[in-house]
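Contents: one structure, followed by commentary.
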Amino acid sequence: MTELLDDLWAAADDQRRRTIALLETLSADDWARPSLCDGWAIRDVVGHLLWQRDTNSVAHLLPVVGAMIRGGGDMNRAIADLARRRAARHSHAELLAEVRTLPGHHKAVFGTGVINNLVDPIVHHHDIALPLGRGLDADPRAAATAASWTWGQPKGFTLPVTVALARFRWKATDIDWERGEGPLIEGPMVAILCTLMGREAAFAFLGGPGAEEAREVVRSVV
């Protein structure tokens, strides 16, 4: 078990370093551009990654309560509110300096498991990269681990978009990974993961007879 946890954290740190390298190339204008997260600027995505680190203590749960109240009990609104507030407190240079401290931070987000700390860095990296035209950048093995967990969540814990996409057959072209039955969709593992998490932009890297139908499913659910 210890070895498995160490491997998950090593994969998370690898993705964090990829994100740091990406952020180091961004202009001031890039930080203000829209991300793949609806209504979030790229700087807000970075704020979210840092807020996740902050929630490891009980003291940092108090802002979560406030955000839930402001959001009328809607968790997604609360998360967006916290991300924007976290990002608004600092310049992009200060945010980047904080992101550089993430590798080696091995505490799961309060109330979650280590696997969440692998899924989020991979997907949110591409929430930043894809709208900027920077392409895919993740270890296929890490993306496969994240996608397997995402696919295998019990009913009620799986995202609605993932449930809706389960009627397709997904096949990675860069690693031995395949799930589902139905019209085939294939492409890089990280593009499959991002699509299963509702990122329509990842279809630019996917093909197969089921791709267009699956794109319509994402549009209708997300």
Side-chain angles (χ1 to χ4, degrees), residues 8 10-27 29-53 76 79-80 83-84 87 92 95-96 99-100 102-103 109 115-151 159 161-162 165 168 170-175 177 179 185-208 211 214-215 217-219 221-222:
L8 289 173
D13 281 345
D14 173 71
Q15 189 61 49
R16 289 161 166 173
R17 292 186 184 98
R18 293 171 190 256
T19 300
I20 292 166
L22 170 64
L23 295 176
E24 288 174 341
T25 70
L26 302 191
S27 69
D29 288 342
D30 288 335
W31 284 75
R33 291 184 181 182
S35 73
L36 292 187
C37 299
D38 188 31
W40 294 28
I42 284 171
R43 64 179 290 114
D44 298 329
V45 178
V46 177
H48 176 63
L49 293 173
L50 293 172
W51 167 77
Q52 289 179 313
R53 180 197 63 185
N76 288 329
I79 289 172
R84 295 188 187 103
H92 68 263
L95 291 171
L96 177 55
V99 171
R100 289 185 177 123
L102 288 177
V109 176
I115 189 67
N116 299 89
N117 290 263
L118 176 60
V119 176
D120 269 19
I122 297 175
V123 175
H124 287 315
H125 174 101
H126 295 89
D127 288 335
I128 296 168
L130 295 186
L132 295 176
R134 300 301 181 92
L136 305 176
D137 185 16
D139 183 336
R141 295 167 299 177
T145 298
S148 295
W149 177 82
T150 299
W151 185 276
L159 290 175
V161 67
T162 310
L165 292 173
F168 297 91
W170 299 86
K171 181 177 176 58
T173 54
D174 53 354
I175 194 171
W177 191 93
R179 294 289 189 281
I185 305 163
E186 56 186 349
M189 188 68 242
V190 67
I192 292 175
L193 169 63
C194 289
T195 304
L196 292 175
M197 296 294 288
R199 274 56 176 184
E200 183 188 345
F203 277 104
F205 304 92
L206 299 173
R215 184 194 289 265
V217 169
V218 171
R219 287 175 177 168
V221 175
V222 176

With rounding to the nearest 0.5 Å, note down the distance linking [atom1] in [X] to [atom2] in [Y].
{"X": "Leu96", "Y": "Arg100", "atom1": "CG", "atom2": "CZ", "answer": "3.5 Å"}
{"X": "Leu36", "Y": "Cys194", "atom1": "CG", "atom2": "SG", "answer": "8.0 Å"}
{"X": "Leu165", "Y": "Ile192", "atom1": "CG", "atom2": "CD1", "answer": "11.0 Å"}
{"X": "Leu26", "Y": "Leu132", "atom1": "CG", "atom2": "CG", "answer": "6.0 Å"}
{"X": "Arg16", "Y": "His124", "atom1": "CZ", "atom2": "NE2", "answer": "12.5 Å"}

Nearest heavy atoms of [X] and [Y], plus distance in Å:
{"X": "Ala191", "Y": "Phe205", "answer": "CB-CB, 3.9 Å"}
{"X": "Gly135", "Y": "His126", "answer": "O-CD2, 3.8 Å"}
{"X": "Ile185", "Y": "Ala214", "answer": "CD1-CB, 3.4 Å"}
{"X": "Asp127", "Y": "Cys37", "answer": "OD2-SG, 3.2 Å"}
{"X": "Ala144", "Y": "Ile175", "answer": "CB-CD1, 4.1 Å"}
{"X": "Leu50", "Y": "Val99", "answer": "CD2-N, 3.9 Å"}

Spell out, as yes or no, whether a donor-acceptor pair under 3.5 Å connects the side chain of [X] to the backbone of [Y].
{"X": "Ser35", "Y": "Ile42", "result": "no"}
{"X": "Asp174", "Y": "Met189", "result": "yes"}
{"X": "Asp13", "Y": "Ala10", "result": "no"}
{"X": "His48", "Y": "Ala87", "result": "no"}
{"X": "Trp151", "Y": "Leu196", "result": "no"}

With heavy-atom distances below 4.5 Å as the criterion, would you say the side chains of [X] and [Y] are in contact?
{"X": "Pro121", "Y": "Leu102", "value": "no"}
{"X": "His125", "Y": "Ile122", "value": "no"}
{"X": "Leu22", "Y": "Arg134", "value": "yes"}
{"X": "Pro140", "Y": "Val190", "value": "no"}
{"X": "Val46", "Y": "Ile128", "value": "yes"}

Response to the item:
When Thr25, Thr19, Ile20 are each screened for side chain to side chain contact (heavy atoms under 4.5 Å, CB included) with Leu23, the one that passes is Thr19
Practice prompt. Please list, chain by chain and in numerical order, all residues satisfying side chain to side chain contact (heavy atoms under 4.5 Å, CB included) with Ala11, sequence neighbours excluded.
Written response: Leu118, Ala142
Fill in: Val119/Met197 under side-chain contact (heavy atoms from CB on, under 4.5 Å): CA gap, chis, key distance, verdict
CA-CA 10 Å; Val119 176; Met197 296 294 288; 4.0 Å; yes
Practice prompt. Ignoring hydrogens and angles, state whether a donor on the side chain of Thr195 or Arg215 is under 3.5 Å from an acceptor on the partner side chain.
Written response: no
Practice prompt. Return each pair, listed once, that meets salt bridge (charged side-chain N to carboxylate O under 4.0 Å, His left out) where at least one residue sits in residues 35-48; pairs must be two or more places apart or across chains.
Written response: none
Practice prompt. Sequence neighbours left out, what pairs pass salt bridge (charged side-chain N to carboxylate O under 4.0 Å, His left out) with at least one residue falling in residues 139-151?
Written response: Asp139-Arg141
Item to complete: Evaluate the criterion side-chain contact (heavy atoms from CB on, under 4.5 Å) for residue pair Trp170 and Leu206; output intermediate values, then yes/no.
Response: CA-CA 10 Å; Trp170 299 86; Leu206 299 173; 4.1 Å; yes
Fill in: Asp14/Arg18 salt bridge by N-O under 4.0 Å criterion
yes
